[in-house]
Number of protein chains: 2
Amino acid sequence: MLSKSAEYALRATIYIALKGSEDNKLGIDEIATAIDSPQSFTAKILQLLTKNNNVVSSVRGPNGGFYLTDAARKLPVRAVLEAVGENGVLTKCVLGLKECSETRPCPMHEQYRTIKAQLRQMFEKTTIHDLAEETRKGKIVINNRLVKKK
Amino acid sequence: MLSKSAEYALRATIYIALKGSEDNKLGIDEIATAIDSPQSFTAKILQLLTKNNNVVSSVRGPNGGFYLTDAARKLPVRAVLEAVGENGVLTKCVLGLKECSETRPCPMHEQYRTIKAQLRQMFEKTTIHDLAEETRKGKIVINNRLVKKK
DNA sequence: TAAAATAAGGATAAAAATATCCTTATTTAG
DNA sequence: CTAAATAAGGATATTTTTATCCTTATTTTA
């Protein structure tokens, strides 16, 4: 469904939203461990999230790390996907046809249209904050284990 | 959404269903040209479809080629996906968590559940025949151009 | 101001997906 | 029975994705 890059991006962003703040920035080692992702690779992805779309903020140096601004928390999940170049799910034809469109639809087009609309809804209506909040409620998982309530 | 392998598999299968029959088998060159896919690679994929799931039938030699049995035409689209090892969309967690489940759901789980159900519906309720029939109706596309009515 | 901590960024590597090519096996037609 | 046509299958190549490592730049604190 999504690339690993996108998965790591989402998990990292949720984790940062959940545990980090402007005065509690999170280091890449903590993040990667928490979400069970390869550290250096995750660092690259966070670079994308910081510069491509300002989803994540960062500062270097001691006590540096990653965090989310309040504005960033209000961003839709789609912003994360876009930052890592993963918007194809919402735009491309299921059969991979370049010219598939409403006027020249592929044989799965009509059925997929509804699904695509719901995917769009999910990615656009749900914010990073929403996901962090779900996680905070405890019944929810990141990295194959429950995230402790604060 | 789907891998190229899966896209080619679906397009090829639809095309074979549409134009081929037991006494009009289609060659790999015709198929690949028609669906705009790399020939040798498509040949590999058709091999998978013939042996992994008996979705496609084939015979070698002069007048050999690929075709679908009547039984194969009744198979759901999912059979094609399974043959090329593409069932992840229906089974995996959006965030890529191994342990995500109903009892330990990820923060997107509930929203995605509905979508996954619809995807499953689409892939299981729609048969290869259905897709070919849609294509036969003319208003539909394969390979970026209209398929001529017979 | 120096040292330490930390993210940024470049170069490279490894793995997976996609693609090509060549040889072999099978089947048909003559 | 032979030749031609065709898919099957193996070996290899290319591209993309995923991953690692090392150096550089920035920031903080002592």
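Values below: all heavy atoms of this structure, side chains included; hydrogens, waters and symmetry mates excluded. Chain letters run A, B, ... following the sequence lines, proteins first, then strands; residues in each count from 1.
No hydrogens or angles considered: nothing links the side chains of B/Ser57 and B/Thr69 as a donor-acceptor pair under 3.5 Å. Neither side chain, B/Glu134 nor A/His109, offers a donor N or O lying under 3.5 Å from an acceptor on the other. Judged by distance alone, the side chains of B/Thr114 and A/Gln118 never bring a donor and an acceptor atom under 3.5 Å apart.
Between A/Lys44 and A/Val59, the residue anchored closer to the 5' end of DNA chain C is A/Val59, taking for each the nucleotide with the nearest heavy atom. Residue-to-nucleotide proximity on DNA chain D shows that, of B/Thr50 and A/Tyr8, the 5′-proximal contact is made by B/Thr50. Mapping A/Gln39 and B/Ala43 onto DNA chain D by nearest heavy atom places B/Ala43 at the nucleotide closer to the 5' end.
If you check every strand for non-hydrogen atoms under 4.0 Å, A/Leu48 touches nothing. When heavy atoms are screened at a 4.0 angstrom cut-off, B/Leu26 is found touching the sugar-phosphate backbone but no base atom. Looking at heavy-atom distances under 4.0 Å, A/Leu46 makes no contact with the nucleic acid at all. A/Ser40 comes within 4.0 angstrom of a base, heavy atoms only.
A 4.5 Å side-chain heavy-atom check between B/Leu97 and B/Glu99 finds every atom pair outside the cut-off. Contact of the B/Asn87 side chain with the B/Leu81 side chain is not registered, since no non-hydrogen atoms from C-beta on lie closer than 4.5 Å.
Atom C1' of nucleotide D/dA19 and atom CG of A/Asp36 are separated by 14 Å, given to the nearest angstrom. Atom NZ of B/Lys4 and atom P of D/dT16 are 9 Å apart (whole Å).
For A/Pro62, whose side chain is taken as the heavy atoms from C-beta onward, the closest listed nucleotide among D/dA4, D/dT27, D/dA19 is D/dT27.
In this structure, the side chain of B/Glu124 does not engage the main chain of B/Pro76 through any donor-acceptor pair within 3.5 Å. A donor-acceptor contact shorter than 3.5 Å links the side chain of B/Arg11 to the backbone of B/Asp36.
Heavy-atom contacts of chain A under 4.0 Å fall on DNA chain C between two terminal nucleotides, which in 5' to 3' order are C/dA4 to C/dA11.
A salt bridge is absent between B/Lys4 and B/Glu7: the closest approach of a Lys/Arg side-chain nitrogen to an acidic carboxylate oxygen does not fall below 4.0 angstrom.
Residue B/Ile16 comes nearest to B/Leu46 through the heavy atom pair CD1-CD2, 3.9 Å, listed as atom of the first residue, atom of the second, then distance.
Summary for the helix from C/dT1-D/dA30 to C/dG30-D/dC1: the axes at its two ends, each from 5 pairs, differ by 0° when rounded to the nearest 10 degrees.
Dashed line: the shortest gap from a side-chain N or O of A/Asn63 to OP1 or OP2 of D/dT27 is not under 4.0 Å.
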